[in-house]
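As the structure lists them, so they are numbered: ligands from 1, and atoms in each ligand from 1.
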Amino acid sequence: MADSTERLRLSRRMVLKGTGALAAASSAAALLAACGPLADDDDDDKASNGTGAIPASAQEVAEARGLTPEDITRAVKTYVPGGGRDEFVMFASGGHGGQVLVIGVPSMRLLKVIAVYAPEPWQGYGFSDEGRKILEEGGVDGKVLTWGDTHHPGLSETNGEYDGQFLFINDKANARMAVIDLRDFETKQIVKNPHIISNHGGAFVTPNTEYITDGSQYAAPWGWEYAHPSEYKEKFHGAMTFWKFDREQGRILPDASFSVELPPYWQDLADCGKGPSDGWMFSNSFNVEMAIGGEGNPPVEIGALQLEMDYMTVINWRKAEEVVAAGKYEMIKGMPLITIKTAVEEGLLFQIPEPKSPHGIDVTPDGQFIVVCGKLDPHVTIYSFEKIQAAIEAGDFEYDDWGVPILRFEDTVEAQVELGLGPLHTQFDDQGYAYTSLFLNSAVARWKIGTAGDPESWVMVEKIPVHYNVGHLSVCEGDTVSPKGKYLISLNKWAIDRFQPVGPLHPQNFQLIDITGEQMDLLYDAPIGIGEPHYAQTISADKLQPWSVYPEVGWDPVAQAPSPHATQPGEEGVVRDGNKVTVNMTSIRSHFKPDQIFLKQGDEVTLNITNIERAQDATHGFAFPGQEIQLSIEPGETVSVTFTADRAGVYPFYCTEFCSALHLEMMGYCFVEPS
Ligand code: RUQ
Ligand code: CUA
């Protein structure tokens with residue numbers, strides 16, 4: 001048959017040309033063949049609508065571009081034809097860019113940058129009255145910040161599975177938490193943690209999104225109080241905050257949230273229990289030495305490494321919830337806090353020694369084990385939840401200086417596996433493997449999850465190099481109760497020599513790895529010219545059902561309800577009340593109505609603009625020169641913006657989205673008469 005001859009010829013040429021990997025060559029050919037009638041004996045050479053037999057030109061292109069058979073296989077695995085959809089969607093942190101990146105997997109195409117902690121003019125985020133209010137409410141002691149350091153996106157869960165409804169992300173620098181509604185992929189709320197001033201152990205959700213965790217990073221006095229370093233032990237604190245989430249309202253409820261006080265160690269990553277360990281949460285503490293540098297002391301990074309062991313912090317959050325309900329808390333900075341003393345008396349707080357300088361902590365999909373990586377220990381340490389419970393039951397504790405019970409390492413550890421240098425974070429797949437990033441090795445280790453009671457069953461399987469300095473990993477749904485596997489994305493801190501040079505600030509590198517085969521295979525390098533990858537979560541695309549236009553004309557996306565400021569066609573106009581002027585405006589291709597606005601210098605002006613379009617993608621922008629006004633008004637949306645017309649003059653305002661053939665004419669004039 002023509003197809004087998006063709007396939008043979010293809011693979012032979014690839015072997016001749018390529019790196020000689022016969023297996024890869026034939027799999028590339030098979031893959032190419034499987035794409036079209038080549039794989040179908042009845043259809044022989046009949047190519048149809050562009051997806052037919054592999055044309056000889058494909059080989060020519062490959063040869064001309066110097067592609068190896070492996071390259072071709074990888075390209076075919078990641079290519080999504082125009083109009084096609086990715087199977088998964090990754091939500092990645094944008095680091096100190098303050099935003100969240102939305103990326104299709106396996107194509108690695110950037111679909112959106114969700115503005116969270118930083119204003120973003122294209123989306124009009126942080127410019128409208130509604131949007132400014134989000135940033136204001138998330139301010140720090142009344143100060144509005146226009147940046148954040150996002151680390152860990154957390155998708156909302158139902159029964160331990162991503163449900164595609166909400167996304168949360170922390171701001172490490174300022175101890176804040178944000179809520180993004182996945183009906184429109186927009187930020188709705190930012191809350192400032194009143195107890196702690198920097199965080200890291202968030203956003204990790206409990207299996208039904210009852211709470212979002214928010215663990216302190218650097219110990220500090222409560223709120224933003226002053227204390228001298230000599231008062232460290234008395235006045236500095238750690239805490240684990242549990243933000244209560246209300247799905248109906250789509251909001252964190254600060255009034256129903258609380259913290260558990262922790263010793264002034266530094267808290268690091270955290271994870272919530274699931275299955276048998278549901279109701280509990282686990283977090284790493286480092287710097288139990290309490291080093292803070294300064295004259296006469298070793299520098300922090302030396303001081304924090306003096307002891308062989310740090311701690312895992314274990315909290316029974318369900319018990320903590322009951323303790324708060326029973327009123328056994330202190331009100332600190334307006335939010336309940338369970339003191340260490342109460343937490344110990346109530347038996348809801350424990351510590352377990354952990355290998356030096358721990359970083360990542362991840363609960364296995366079955367909820368039975370807690371996987372911990374110490375940056376300076378080449379092993380991954382696996383703790384058994386059952387053993388932890390037994391040790392708590394037995395009550396044979398030691399205590400730290402704060403009276404927190406310490407369980408014994410040997411009583412709680414299930415196994416240790418040597419992986420390599422600088423293990424950080426772990427993800428899981430659907431075949432019983434775990435994947436751990438090795439920062440110092442610039443590699444990802446795949447290892448076998450063993451069984452309880454058989455330490456020998458936990459074994460290292462293989463490693464794949466990544467480029468370079470990998471931090472977190474993201475496997476498709478790889479931190480849920482049922483990981484989907486398939487792909488792993490390695491979130492690398494450095495790119496060094498991988499791309500076209502663009503100056504001293506290099507791109508970030510997200511590397512896509514195929515984990516379906518017997519050996520992991522690096523498919524694709526995706527440079528990202530925005531913010532730093534910390535954590536990412538990858539969800540099956542079919543779980544996301546966002547709106548393509550707002551449900552009705554006159555929608556307030558922040559309230560997710562009809563806007564009181566909506567203007568329907570025919571209702572446009574200007575209302576003056578003294579020097580307060582309200583402009584009720586509509587926008588539709590290709591005009592704003594009204595298109596002339598007459599103001600007096602000094603007027604307080606509110607523009608309420610409703611985009612009355614019902615067509616997908618018919619977004620209008622609104623730019624007003626000389627003012628901090630750049631709005632994006634999506635179909636159905638109502639946006640308000642208030643400003644003072646402080647300078648007389650003539651101001652042409654215009655639409656910033658190229659919406660139609662008459663887009664340039666979509667404009668108006670505002671006349672501000674001198675006073
Ligand atoms: S971090 S590279 Cu999660 Cu903030 Cu580990
Ligand atoms: Cu509306 Cu351009």
Using the ring centroid of each side chain, check whether Phe643 and Phe624 are separated by less than 6.0 Å.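 That pair passes the under 6.0 Å test.
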Phe204 and His152: aromatic ring centres closer than 6.0 Å?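 Ring-ring flag for Phe204/His152: true, centres closer than 6.0 Å.
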Assess His663: does it contribute an N, O or S atom lying under 2.8 Å from atom 1 (Cu) of ligand 2?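 No, outside the cut-off.
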Below 2.8 Å, any N, O or S contact between Thr656 and atom 1 (Cu) of ligand 2? no
Residue-atom pairs from the protein, N, O or S only, that lie under 2.8 Å from atom 3 (Cu) of ligand 1: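 Correct list: His152 NE2, His472 NE2.
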At atom 1 (Cu) of ligand 2, what's the angle from Cys659 SG to Met666 SD, rounded to 10 degrees? 100°
How far apart are the closest heavy atoms of His359 and Leu424, and which atoms are they? CD2-CD2, 3.7 Å
Heavy-atom pair of closest approach, residues His534 and Gly95: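 His534 and Gly95 have their closest heavy atoms at CD2-CA, 3.9 Å.
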So if I count the atoms of ligand 1 from 1 in the order they appear, which ones are less than 4.0 Å from some heavy atom of Lys493? 2 (S)
Phe286 six-ring face occupied by Lys375 cation (under 6.0 Å, within 45°): yes
Tyr162 versus Asp479: any side-chain heavy-atom pair under 4.5 Å? yes
Can a donor-acceptor pair be found between the side chains of Tyr468 and Asn509 at a distance below 3.5 Å? no
Under 3.5 Å: donor-acceptor pair, side chain of Thr538, backbone of Val475: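 Such a contact is absent between Thr538 side chain and Val475 backbone.
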Among the N/O/S atoms of His620, atom 1 (Cu) of ligand 2 lies closest to ND1
